[in-house]
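Have a look at the structure below, then the notes.
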Number of protein chains: 2
Amino acid sequence: MFNETMLALGKKRSCIRELFEYGLRQAQVVGKENVYDYSLGNPSIPAPPEVNETFIRVIRDMDSLAVHSYTPAPGAYDARKAVADELNERFGTAIRPENIFFTCGAAPALLSVIKALAVPDAEIIGLAPYFPEYRPFTEASGARFVEVPADYTAFQVNLEALEAHITPHTQAVIVNSPNNPSGVVYSRETLTKLAALLERKGAEIGHAIYLIADEPYRELVYDGLEVPFIPTIYKNTVVCYSYSKSLSLPGERIGYVCVPDAAAESADLFAAVAGAARAMGHVCAPSLQQRVVALCTASRPNVDAYDENRSILYDALSSYGYECVKPCGAFYMFVKAPGGDAQAFSDRAKEKNLLIVPGADFGCPAYFRISTCVSKDMILRSLPVFEALVKE
Amino acid sequence: MFNETMLALGKKRSCIRELFEYGLRQAQVVGKENVYDYSLGNPSIPAPPEVNETFIRVIRDMDSLAVHSYTPAPGAYDARKAVADELNERFGTAIRPENIFFTCGAAPALLSVIKALAVPDAEIIGLAPYFPEYRPFTEASGARFVEVPADYTAFQVNLEALEAHITPHTQAVIVNSPNNPSGVVYSRETLTKLAALLERKGAEIGHAIYLIADEPYRELVYDGLEVPFIPTIYKNTVVCYSYSKSLSLPGERIGYVCVPDAAAESADLFAAVAGAARAMGHVCAPSLQQRVVALCTASRPNVDAYDENRSILYDALSSYGYECVKPCGAFYMFVKAPGGDAQAFSDRAKEKNLLIVPGADFGCPAYFRISTCVSKDMILRSLPVFEALVKE
């Protein structure tokens, strides 16, 4: 009676959501202060004040019809221009407003690109550890999701394994840096090698292999680390961006796809992205949000709180004997589970009301994810539980 | 290299959009006041003032993290409850918050339902005249779009033709009342007969035939006409709603799917709708917009301007000899093209800078659509052109 794929996607809850909802229920039983919930990646710092002021200013001062009208499907031209200008200023690129397609956040941005590339037998590669939704997004688009094992030494890219997984059907590789779940930022060196590999293999198989750069965490880095803008390193890069984390507006569903002119067959790719968006009911991204982000391209989140959480957790967990690559971006840590089975370890942690996400869905079943976008108080209260667990 | 369906959808511009953009270019040539653009269905009355005040109040007074955070995928519970409460109060229904799934407008709402129902060989029926996007939405979901010819006497439902088009593969019939493009509201009598037919045919083919009620124009009616709430007439009705027209917020992408408990297998259908939304990158509907519409469920558009436009145009065109069913809802008129070929007539009109949409994409090639959400001034200036065209 119902489409089986859609029914399964609707019924199979994400393990992250299930943990989160378990935490809410458990808080009723044992008290909120006794549940240590590291499950969700929901920003814990508010939007910068100027963002909220801009929302009010746009509503109050602009013509109401103009603010709330349909924009063209790719977005209001001025807003697209503001995005392009800001990228060009920061990264020395020559992106045009016409290369920008506003979407309702990064998820539909990714799906538009994946659907655009989903030719018969298409393969889309994800590099472990990867954001779990890449798999259903790819499979629901009719393509095959190919998982490349992690580089466990530094959570950069396992280039040898990647090369072995490229076939004539490879359409794209999704990269996510700063990475969810590892918090690692791919270095310029990694990206340069990755670009060389994709150039070489693309020539070998006779068509471009696109890099889909999923970049919601681009602005969330610590220690002044560089986040290279991937289109400047590999020309066949398509960027999927979101303001969810950079402006702490996750619920507001505003992001974009950027298809630079340099990407292979960029005009057709942009058209196919637009067509895929249309096939998903995209009419335009929320028009108010388009105006607001266009006026706030210079706003940056104050990541001090995330940075402090990162340091407290990394130092404490390391001192207890946990193994973890130090995150330098996003708001996650990906920790090796003592005993090597993250599901079992996560189940043990759950008994102590410590909610951590086992890594199987990220492609690394021996690791667990901690979201560091939580309150410092909760972190401090949870540390004895982490310590007890590793000693058991 | 690219998915052919998506590329084609991205490259084939809608004829409405093309006309609109032609109008913008032509305005540069002959002057804005000499172009009579009836192409787009973009509301021409602003959002009610209390809606804009609510946007400001929510941003200014609510906790910023709470306003902008992810909501659950179906929406913030309070917002879902506000929608359900309002429906129940108006229509005497017993809709629960759990029956409501907020979406980024009516288009993804429709697509979620169509995708949920897109089993192998599925057929989705559209009743001419119908909104042109139903066809690509259905075909891109892997189902077959079946067009039922219009009831040309009153643009109600051609029940005989509908019955002839129902097969064991029929999953749903899409109805759109008040109707785009005809402006007609399906009467209680029509809907009662339609319900009886679908009950009977459903029993015959052994499974429910859903009615998908696409209702963005529900609040836009004239002369105090009743718009029956279809779930009270046919239990297997799924409602797709949008605030684009009722609150003049078309760009803000906020609407919902309502799957009442009474609909066949409602729990699974709701799950499949949620799964389809997920497969299209739905995370949640814009959270700010959810809060605003929840606080504005009692707001209604002031449709006086549309009503006046309707009367001026209907009276004038009728007096010139055009044939048209008088619209009583939405902001469109669907007029029989003199000569019987709406494409040819529309081309002739275009030469006089009068932009009207030929009806082939709506399933009625002998008719053309006029959007009445335009300025009264433009209407008055355009009347001599309408008159000249019919006399030619």
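Per chain, numbering begins at 1; letters A, B, ... match sequence-line order.
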Look up atom [atom1] in [X] and atom [atom2] in [Y], then write down how far apart they are to the nearest 0.5 Å.
| X | Y | atom1 | atom2 | value |
| --- | --- | --- | --- | --- |
| A:Ile59 | B:Leu288 | CD1 | CG | 7.5 Å |
| B:Gln171 | A:Asn3 | CD | CG | 9.5 Å |
| B:Phe2 | A:Leu269 | CZ | CG | 4.5 Å |
| B:Ser287 | A:Arg253 | OG | CZ | 9.0 Å |
| B:Tyr70 | A:Leu249 | OH | CG | 10.5 Å |
| B:Asn42 | A:Thr71 | CG | OG1 | 10.0 Å |

Need one label for [X]: side chain, backbone, both or neither, based on atoms under 4.5 Å from any heavy atom in chain A.
| X | value |
| --- | --- |
| B:Ser44 | backbone |
| B:Val273 | neither |
| B:Phe55 | side chain |
| B:Ala66 | neither |
| B:Tyr243 | neither |
| B:Pro136 | side chain |

Could you check which of [options] has the highest count of heavy-atom pairs closer than 4.5 Å to chain A?
| options | result |
| --- | --- |
| B:His207, B:Glu265, B:Lys12, B:Glu53 | B:Glu265 |
| B:Ala277, B:Gly275, B:Ser244 | B:Gly275 |
| B:Ala122, B:Ser112, B:Ala285, B:Ala271 | B:Ala271 |
| B:Pro286, B:Ala107, B:Gly105 | B:Pro286 |
| B:Ala272, B:Pro120, B:Gly142 | B:Ala272 |

Any side-chain heavy-atom pair of [X] and [Y] under 4.5 Å:
| X | Y | result |
| --- | --- | --- |
| B:Arg278 | A:Met6 | no |
| B:Val119 | A:Glu4 | no |
| B:Asn52 | A:Arg60 | no |

Salt bridge (Lys or Arg N to Asp or Glu O under 4.0 Å): which pairs involve residues 105-120 of chain A, sequence neighbours left out? none
Counting only heavy atoms closer than 4.5 Å, note whether A:Phe101 contacts chain B via side chain, backbone, both or neither. neither
Whatever's closer than 4.5 Å to a heavy atom in chain B on A:Ala116 counts as backbone
Who among [options] has the most heavy-atom pairs with chain B under 4.5 Å?
| options | value |
| --- | --- |
| A:Glu133, A:Met1, A:Lys11 | A:Met1 |
| A:Ala274, A:Ala276, A:Ala140 | A:Ala276 |
| A:Cys104, A:Pro46, A:Ala73, A:Ser69 | A:Ser69 |
| A:Val51, A:Val283, A:Thr103, A:Leu40 | A:Val283 |
| A:Pro250, A:Ser248, A:Gly10, A:Ala106 | A:Pro250 |
| A:Gln289, A:His282, A:Glu139 | A:Gln289 |

Could you walk me through whether B:Met280 and A:Phe137 pass the side-chain contact (heavy atoms from CB on, under 4.5 Å) test, one step at a time? CA-CA 8 Å; B:Met280 294 187 292; A:Phe137 285 179; over 6 Å; no
B:Ala47 and A:Ser64 have their tightest heavy-atom pair at N-OG, 3.8 Å
Please give me the minimum heavy-atom distance between B:Leu9 and A:Ala279, naming the atom from each residue. CD1-CB, 3.7 Å
